[in-house]
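Each ligand, and each atom within it, is numbered from 1 in the order the structure gives. Heavy-atom basis, side chains included; hydrogens, waters and symmetry copies ignored. Quantities reported herein were computed from a predicted structural model and do not represent experimental measurements.
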Amino acid sequence: MGDEDWEAEISKPHVPSYVPVFEKDKYSSGANGDTINMTSASDMDDGPSQRGHFMRSHFASGRSLGNRDAGDSNKREHTPTKGGFGVGKGFGNKGFSNKFEEGGNSGFLKESNNDCEDNQIWNREFSSRSGYQDGNDAEASGPSRRGGRGSFRGCRGGFGTGRSNNEYDRDEGAQRTGDLFGSRRTAVSGTGNGDTYHSRSGSGHGRGGYKGLSEEVITGSGKNSWKSETEGGKGGDIQGPKVTYIPPPPPEDEDSIFAHYQTGINFDKYDTILVEVSGHDAPPAILTFEEANLGQTLNNNIVKAGYTKLTPVQKYSIPIILAGRDLVACAQTGSGKTAAFLLPILAHMMRDGITASRFKELQQPECIIVAPTRELINQIYLEARKFSYGTCVRAVVIYGGTQVGHSIRQIVQGCNILCATPGRLMDIIGKEKIGLKQVKYVVLDEADRMLDMGFGPEIKKLISCPGMPTKEQRHTLLFSATFPEEIQRLAGEFLKSNYLFVTVGQVGGACRDVQQTVLQVAQYSKREKLVEILQNTGVERTMVFVETKKKADFIATFLCQEKVSTTSIHGDREQREREQALGDFRCGKCPVLVATSVAARGLDIENVQHVINFDLPSTIDEYVHRIGRTGRCGNTGRAISFFDPESDNHLAQPLVKVLSDAQQNVPAWLEEIAFSTYVPGFSGSTRANVFASVDTRKNYQGKSTLNTAGFSSQAPNPIDEDSWD
Ligand SMILES: Nc1ncnc2c1ncn2[C@@H]1O[C@H](COP(=O)(O)OP(=O)(O)OP(=O)(O)O)[C@@H](O)[C@H]1O
């Protein structure tokens, strides 16, 4: 079957010969309890459930499918855009930073295939009916905790309402609308030199309204410009289910709150990583938690969390934030960025004599933390809850895919630190449950992602919301492991001009504790190779990344057939299913998690020994984040990537660079491809347009400061704000 055929196969309706004789038990996947959810025959008549049909087709044919069958031959349809995003000049700096235009039909179509924190509306029917499910009727397992990293871990069952999937689905029926930007997703086109970026359907009549890469549709209309889709904002026409999911509350006992995993053998090696601080008058780094003078309660919590020693990003960021400076911090995956911003923010709040927030219809949080995915923001919330334990600071989390009423109930009970995904945040602001006057800290985790074309517009709106203190009046903190130059430039808009930039190691560099292997595997051989690898690794916890949601289902189902206990996470799954999947993976019930890029960033899961890039991502930054799900906190991990020369050549050059920077073996064939592949704008030595090696201000300033941990920095030249034009 050819490349396009895979897609055609998915959307081909009602081909009788594919209707399988399905034996439910036969395809339940043993240990993980995942079952293939065969819907009734009537589902075959539903448009969106054609994908369910696809799944069924393959169960019917099972292993008898030849190598060149549907799933394996899925080539990414929008190859030309990949270079534009990750490698080439498609994102011209100026154009990108200045324009989030709509209207064109051309351009960056990749997201239509990719996964992100949205698209719940369009595909809900599919996600609730087709594919396999986690054998998890909500009652099946109650909330439990496992000794994961300091937060709610373990096999989570019993999500919310405790109803079966079907009951849940039946209850959903409200209208969701959206019209702000008129297109379901931002589709960016780099035209010519990459100066303009267009969304795919810009006239405001799109079916979904602008959703960017966030998970909620926001509608705009005058005073109610943040009016929620769930309020029935005008203009959209999406019919979608009302979200009723209420996530289970995390365990309240101290052991659960402070559960954590061990730092690895390479934790001490963090000290040898070079740290660079650029900007004016950086306060000196600290060497110990005591030096930070965070206060008794916070110190107790740090001890209970098992932290005995600062990581480099913490050594530098904590004093900078305590000194009230704006900060961009870029440090390798798994090296403790979350605590690097949470601890000083909490210390500040305590020093400021924050009073316990009380029940109020309109809450005024002091800190807003935004992250691109629901699971990540939940994780950050659990960290905030851990470090604020025993204080009067109340952290709250809100994210899409859950009942809006539940979010509101959490907020009105009191809210000092609000952890949110952007869509839900704007939604709640629109409902006037959150006032922004008291905001002192705005934190963007995975900041490069938050400022790219997907979330950028929403972050801009957040920052310019009525009541939001100006950048001079608030502290803005941006954290990520990657920071492309063009995004750095964009970030300048949100930061005070004297912000500091901390770089631990190389911006965009991969974590050296991850042993990286790149194998040349043609699309049609990937499944076979995957099974071979998984058979060798046994029950090791493994994340398998694929490029599309459909493929995630397909591969997860395929692995279940192969008797590998597998679950999946992607944006078409119900939030309840996503959380269940993550819980099953965390606790080892399903040691294999097939994921799209929705799980690439930030997730901190104990014992992930292995990441497999079944499909390479379209950008090298995404690669770095994905493989960073293993090798965390000084532990070692392995990453294997399938490189298909048919579709991945554009990644050869940056991949060679990332591998060699991390002192990994570079296969000769990859080097050859890299040399023979012209990628506009890429230069191995400067990483131009791929990722920045430094604070980009240095390109204008010509000066910076190089530190190793514990040595104070020299003051570089003042910054010329005009440089950002
Ligand atoms: N000083 C420390 N001592 C021990 N463990 C730590 C320390 N700092 C952080 N950790 C733990 O290390 C793990 C990784 O931290 P965190 O998730 O903050 O990494 P990150 O840098 O944000 O990664 P990513 O780039 O993937 O988002 C977490 O389990 C965290 O609790």
Side-chain angles (χ1 to χ4, degrees), residues 147-153 257-268 270-271 273 286-290 292 294 298-299 301-318 329-344 369 371-373 375-387 443-450 477-483 502-505 507-511 513-514 543 586 597 599-608 611 621-635 637 639 709:
R149 180 192 66 109
S151 56
F152 178 34
R153 301 277 172 218
I257 290 171
F258 288 98
H260 60 273
Y261 66 75
Q262 294 303 310
T263 57
I265 49 169
N266 291 333
F267 189 79
D268 287 341
Y270 281 157
D271 289 342
I273 301 177
I286 53 170
L287 293 177
T288 63
F289 283 112
E290 292 71 42
L294 298 169
L298 279 187
N299 283 337
N301 291 342
I302 288 166
V303 171
K304 283 190 227 167
Y307 291 20
T308 52
K309 192 174 162 182
L310 291 154
T311 66
V313 71
Q314 292 163 357
K315 285 178 184 169
Y316 286 86
S317 301
I318 289 173
C330 196
Q332 70 182 65
T333 52
S335 64
K337 294 186 284 293
T338 317
F341 61 77
L342 280 176
L343 290 172
I369 302 172
T373 68
E375 290 75 17
L376 176 57
I377 200 65
N378 203 28
Q379 181 180 296
I380 294 169
Y381 157 72
L382 292 169
E383 293 289 282
R385 189 181 71 135
K386 172 171 83 180
F387 289 122
V443 182
L444 304 185
D445 196 26
E446 308 297 342
D448 53 332
R449 187 76 183 82
M450 299 309 304
L477 310 171
L478 311 185
F479 283 76
S480 187
T482 53
F483 243 111
V502 169
T503 313
V504 181
V507 175
C511 169
D513 298 326
V514 182
M543 289 178 83
R586 277 191 200 279
S597 282
R601 285 176 178 256
L603 293 186
D604 184 52
I605 300 167
E606 181 180 14
N607 249 334
V608 176
V611 168
D621 284 347
E622 205 65 15
Y623 170 84
V624 167
H625 286 280
R626 283 184 183 183
I627 69 168
R629 294 319 98 212
T630 184
R632 298 177 71 76
C633 205
N635 292 287

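- Selection from Phe289, Tyr307, Tyr261, Tyr270 by nearest heavy atom to atom 3 (N) of ligand 1 gives Tyr307.
- Here the straight-line distance linking atom CZ of Arg626 with atom OG1 of Thr333 works out to 14.0 Å at 0.5 Å rounding.
- Note: an N/O pair closer than 3.5 Å links Arg629 and ligand 1 by distance alone.
- Considering backbone and side-chain atoms alike, Lys386 places every N or O at 3.5 Å or more from each N or O of ligand 1.
- The backbone N or O of Val608 sits less than 3.5 Å from a side-chain atom of Thr630, completing a donor-acceptor pair.
- The part of Phe267 lying near ligand 1 is the side chain, judged by heavy-atom distances below 4.0 Å.
- Of the possible polar contacts, one joining the Thr311 side chain to the Ser335 backbone as a donor-acceptor pair under 3.5 Å is found.
- The salt bridge (charged side-chain N to carboxylate O under 4.0 Å, His left out) check on Arg629 picks up nothing, with sequence neighbours excluded.
- The shortest N or O to N or O distance between Gln379 and ligand 1 is not below 3.5 Å.
- With a 4.0 Å cut-off on non-hydrogen atoms, Arg601 does not touch ligand 1 at all.
- When Thr288, Leu287, Asp271 are each tested for a side chain to side chain contact (heavy atoms under 4.5 Å, CB included) with Lys309, only one passes: Asp271.
- Residue contacts with ligand 1 for Thr263 involve side-chain atoms from C-beta outward but no N, CA, C or O (heavy atoms, distance under 4.0 Å).
- Distances between N or O atoms of Thr333 and those of ligand 1 include no value under 3.5 Å.
- Taking a 4.0 Å cut-off on heavy atoms, His625 fails to register as neighbouring ligand 1.
- For ligand 1, the atoms lying closer than 4.0 Å to a non-hydrogen atom of Gln332 are 21 (O).
- Counting heavy atoms closer than 4.0 Å to ligand 1, residue Glu446 contributes side-chain atoms (C-beta onward) but none from N, CA, C or O.
- Using a non-hydrogen distance threshold of 4.0 Å, Gly628 does not register as a contact of ligand 1.
- In terms of N/O distances under 3.5 Å, ligand 1 is not approached by Ala339.
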Problem - Derivation of the side chain to side chain donor-acceptor pair (under 3.5 Å) call for Thr338 and Glu383 - result: CA-CA 8 Å; Thr338 317; Glu383 293 289 282; 5.5 Å; no
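- No side-chain donor-acceptor contact under 3.5 Å links Asn301 to the backbone of Phe258.
- Close contacts of ligand 1 with Ser335, meaning ligand atoms under 4.0 Å from a residue heavy atom, involve 19 (O), 20 (P), 21 (O).
- A heavy-atom distance below 4.5 Å is not found between the side chains of Tyr307 and His260.
- At a 4.0 Å cut-off, not a single heavy atom of Glu606 sits close enough to ligand 1 to count as contact.
- Using modelled atom types, one side-chain atom of Tyr270 and one backbone atom of Gly634 make a donor-acceptor pair closer than 3.5 Å.
- Proximity of Gly334 to ligand 1 is established by a heavy-atom distance of less than 4.0 Å.
- Heavy-atom contacts of Thr338 reach the following atoms of ligand 1: 16 (P), 17 (O), 18 (O), 22 (O) (cutoff under 4.0 Å).
- Side-chain contact between Thr482 and Arg601 is present, with at least one heavy-atom pair separated by less than 4.5 Å.
- Atoms of ligand 1 lying under 4.0 Å from at least one heavy atom of Arg632, given by number and element, are 14 (C), 16 (P), 17 (O), 19 (O), 20 (P), 23 (O), 24 (P), 26 (O).
- Close approach of ligand 1 to Lys309 (heavy-atom distance below 4.0 Å) involves ligand atoms 1 (N), 2 (C), 3 (N).
- Looking at heavy atoms from C-beta onward, Leu342 lies in side-chain contact with Ile369 at the 4.5 angstrom threshold.
- Considering backbone and side-chain N/O of Thr308, none are found under 3.5 Å from N/O of ligand 1.
- Taken to the nearest 0.5 Å, the CG atom of Asp621 stands 6.0 Å off from the CG atom of Asp448.
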